[in-house]
Amino acid sequence: MRSSTSSSDPGLDAEPVILRDIPPGRWSRTVMLTVALVVAAIGGWEMYWRSQQVVPAYGNSDGQWAEARRKVDQGRPNATVFIGSSRTQFDFRLSVWKEETGVEPIQLALEGSNPLPLLTDLAQDEDFRGLLLVGITPPLIFQPGIGLREGAVEHYRTETPSERLGTLLSYPLEATFAFYNFDLKLFTVLARQPWWPERAGLPYHPPAVRKIENMRRNRDADLWERVETDPEYNAIVTSTWKAVLENLPPPPPPDVARKAFEDLLAQVTRDVEAIRARGGEVVFLRPPSSGWFREFEAQVAPRERVWKPLLAAANAVGVHFEDHPELQVPTPEWSHISSRFEEQFTRAVVRILRERLAERGIHRPELGS
């Protein structure tokens with residue numbers, strides 16, 4: 001140990017500065033031990049989640065959505081675009097659609113979201129003049145704005161170069177590690193443990209939606225197999241849907257609701273006409289639902305009062321799963337079809353759309369017709 005004194009003013013006594021030498025040690029061994037512990041911890045966490053049927057999958061991030069949205073800006077000829085909520089996102093197999101039509105769709109569906117503001121956005125986008133498929137989940141179209149994933153659209157509009165780079169750097173990790181998922185973060189897992197009994201009288205907070213999907217780089221997604229094969233996990237998912245829907249805000253007065261719906265239909269009419277004026281076409285799809293969820297939808301948004309007026313306003317072809325036995329496939333947690341039936345569902349929708357459009361004398365190159 002050494003000591004020294006220093007002062008900027010020679011007339012003042014300076015406090016001694018103690019200089020301590022780093023003791024000799026085998027620092028290479030310390031570094032190697034640290035690295036080994038980190039690798040063991042990460043490996044153990046990864047092995048645990050692999051044992052829980054988790055596989056590496058892309059994160060469905062705002063940056064990934066923005067990347068898909070930019071494909072529309074590239075002015076791809078005969079582009080096919082999907083918008084909607086998670087049903088439109090999970091129920092299709094994009095590779096099968098491409099096999100049937102020769103065109104790989106651009107998947108812009110966003111879970112928990114209202115697609116009609118995106119319909120307006122694409123109606124105002126001069127680069128889009130292809131085929132637009134709008135998936136309708138009845139309660140969600142009454143949301144103000146886009147809803148749960150509105151941040152993805154804002155991210156697309158304001159994305160910086162550093163944010164885009166961050167998304168690209170994240171992709172290799174997403175494709176490698178099963179635990180690299182929003183639902184599997186250590187502190188997220190710890191926070192949802194029942195450490196303390198719930199106290200009565202606390203404000204209601206909707207339960208967080210758990211992991212239910214596996215997504216590919218092009219935003220092609222499947223319902224996670226565990227949702228179907230694990231009854232306990234399935235019960236977690238269905239109880240989440242029920243809790244969220246049973247605690248929605250009360251509806252507005254009838255006259256206010258009627259005026260809002262009329263305005264919504266008028267906007268849909270304008271948007272569809274704008275896309276058609278550029279040579280595009282818009283079709284609507286009501287994907288399958290079942291059980292308690294379907295009963296809730298029938299109560300709050302009956303087909304006669306929502307689906308049919310929407311199609312009439314757009315003067316568009318609409319495919320409703322109730323009208324086609326081949327579209328009535330299993331929905332394990334009431335709201336998304338089993339991944340085992342995605343191929344059947346996708347091929348059936350392509351065939352039905354061709355037939356329904358042909359009945360109107362419409363032949364779209366995006367459908368290979």
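Just so it is clear, the values below take in all heavy atoms, side chains as well, and ignore hydrogens, waters and symmetry mates.
Here Asp125 pairs with Arg69 in a salt bridge; the nearest charged N to carboxylate O distance falls below 4.0 Å. Between Glu262 and Arg258 no salt bridge is recorded (no basic side-chain N to carboxylate O distance below 4.0 Å). Ionic pairing of Arg192 and Asp183 is present here: one or more N-O contacts between side-chain nitrogen and carboxylate oxygen are shorter than 4.0 angstrom. Checked for salt-bridge contact, Asp255 and Lys259 miss the test: no charged N lies under 4.0 Å from a carboxylate O. Between Arg347 and Glu100 a salt bridge is recorded (basic side-chain N to carboxylate O distance below 4.0 Å). Classification of Glu322 and Arg294 as a salt-bridged pair holds, one side-chain N sitting under 4.0 Å from a carboxylate O.
The number of heavy-atom neighbours closer than 6.0 Å to CZ of Arg303, taken from other residues, nucleotides and ligands shown, is above 12.
Side-chain N or O atoms of Arg286 include none that pairs as donor or acceptor with a backbone N or O of Gly135 at under 3.5 Å. Judged by distance alone, the side chain of Arg278 and the main-chain N or O of Phe128 form a donor-acceptor pair under 3.5 Å. A distance-only check finds a donor-acceptor pair linking the side chain of Gln193 to the backbone of Val189 [under 3.5 Å]. No donor-acceptor pair closer than 3.5 Å links the side chain of Ser86 to the backbone N or O of Gln89. A donor-acceptor pair under 3.5 Å is absent between the side-chain atoms of Trp307 and the main chain of Gly318, judged by distance alone. A donor-acceptor contact shorter than 3.5 Å links the side chain of Glu163 to the backbone of Thr160. Without hydrogens or angle criteria, Glu326 side chain to Val349 main chain gives no donor-acceptor distance under 3.5 Å. Remark: the backbone N or O of Ala109 is not paired with any side-chain donor or acceptor of Ser113 at under 3.5 angstrom. The backbone N or O of Ala235 sits less than 3.5 Å from a side-chain atom of Thr238, completing a donor-acceptor pair. The backbone N or O of Arg93 lies less than 3.5 Å from a partner atom in the side chain of Thr346, making a donor-acceptor pair.
Here the closest heavy-atom approach between residue Ala274 and residue Ala123 is recorded as CB-O, 4.0 Å.
There is a side-chain donor-acceptor pair under 3.5 Å between Asp271 and Gln267.
Proximity of Val317 to Ile362: side-chain heavy atoms (C-beta onward) are nowhere separated by under 4.5 Å. Glu99 has its side chain out of reach of Val350: every pair of non-hydrogen atoms, C-beta onward, lies at least 4.5 Å apart. Between Phe345 and Phe321 there is no side-chain heavy-atom pair separated by less than 4.5 Å. Counting heavy atoms from C-beta on, the side chains of Pro332 and Asn234 come closer than 4.5 Å. The closest side-chain heavy-atom distance from Gln107 to Asn218 is not below 4.5 Å. Counting only heavy atoms from C-beta outward, the side chains of Glu67 and Arg164 never approach each other to under 4.5 Å. Looking only at side-chain heavy atoms (C-beta outward), Ser339 and Phe90 stay at 4.5 Å or farther from each other. Using a 4.5 Å heavy-atom cutoff, the side chains of Gln53 and Trp224 are in contact.
Ring orientation note: the planes of Phe179 and Phe177 are tilted relative to one another, at an angle of 30° to 60°. Ring-plane geometry between His336 and Trp241 is classed as tilted, the angle between the planes lying from 30 to 60 degrees on a 0 to 90 degree scale.
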**Item:** salt bridge (charged side-chain N to carboxylate O under 4.0 Å, His left out) between Arg157 and Asp121, worked out
**Value:** CA-CA 11 Å; Arg157 293 170 177 160; Asp121 179 67; 3.5 Å; yes
**Check against side-chain hydrogen bond (donor to acceptor under 3.5 Å, both in side chains), Asp220 and Tyr58** = CA-CA 10 Å; Asp220 193 8; Tyr58 287 89; over 6 Å; no
**Asked** So Leu119 and Ile275, side-chain contact (heavy atoms from CB on, under 4.5 Å) or not? Walk me through it.
**Response** CA-CA 9 Å; Leu119 171 61; Ile275 291 173; 4.0 Å; yes
**Request:** Evaluate the side-chain contact (heavy atoms from CB on, under 4.5 Å) criterion for residues Trp65 and Asn60: first the C-alpha distance (whole Å), next the side-chain angles of each, then the deciding distance (0.1 Å), finally the verdict.
**Result:** CA-CA 7 Å; Trp65 189 89; Asn60 192 16; 5.8 Å; no
**Request:** List the steps, then state whether ring-ring contact (aromatic ring centres under 6.0 Å, His included) holds for Trp97 with Phe82.
**Result:** CA-CA 12 Å; Trp97 186 284; Phe82 291 171; 5.0 Å; yes
**Message:** Would Glu225 and Thr229 count as a side-chain hydrogen bond (donor to acceptor under 3.5 Å, both in side chains) here? Give the steps.
**Reply:** CA-CA 6 Å; Glu225 184 180 280; Thr229 60; 4.9 Å; no
**Prompt:** Checking side-chain hydrogen bond (donor to acceptor under 3.5 Å, both in side chains) for the pair Ser290/Thr331: CA distance, chi angles, key distance, verdict?
**Reply:** CA-CA 6 Å; Ser290 63; Thr331 49; 2.4 Å; yes
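Each of Arg360, Arg129, Arg276, Arg364 was evaluated against Glu281; a single residue qualifies, Arg276, per the salt bridge (Lys or Arg N to Asp or Glu O under 4.0 Å) test. Checked options Leu116, Leu248, Val306, Asn114; the residue passing with Phe142 is Val306 (criterion: side-chain contact (heavy atoms from CB on, under 4.5 Å)). Shown are Glu297, Glu111, Glu333; of these, the salt bridge (Lys or Arg N to Asp or Glu O under 4.0 Å) with Arg87 is made only by Glu297.
Under a 4.5 Å side-chain heavy-atom criterion applied to ILVMFWY residues, the cluster that includes Val35 comprises Val31, Val39 as well.
Cluster membership for Val81 and Val319, using ILVMFWY side-chain heavy atoms within less than 4.5 angstrom, is not shared. When the side chains of ILVMFWY residues are joined at heavy-atom separations under 4.5 Å, either directly or via intervening members, Val38 and Trp45 end up in a single hydrophobic cluster. In the hydrophobic clustering of this structure, Phe187 groups with Val209; members are Ile, Leu, Val, Met, Phe, Trp, Tyr whose side-chain heavy atoms approach within less than 4.5 Å, directly or through other members. Hydrophobic clustering (side-chain heavy atoms under 4.5 Å, transitive across Ile, Leu, Val, Met, Phe, Trp, Tyr) groups Ile337 together with Phe92. Put simply, Val72 and Leu132 are part of the same group of oily side chains (I, L, V, M, F, W, Y) that touch within less than 4.5 Å, one to the next.
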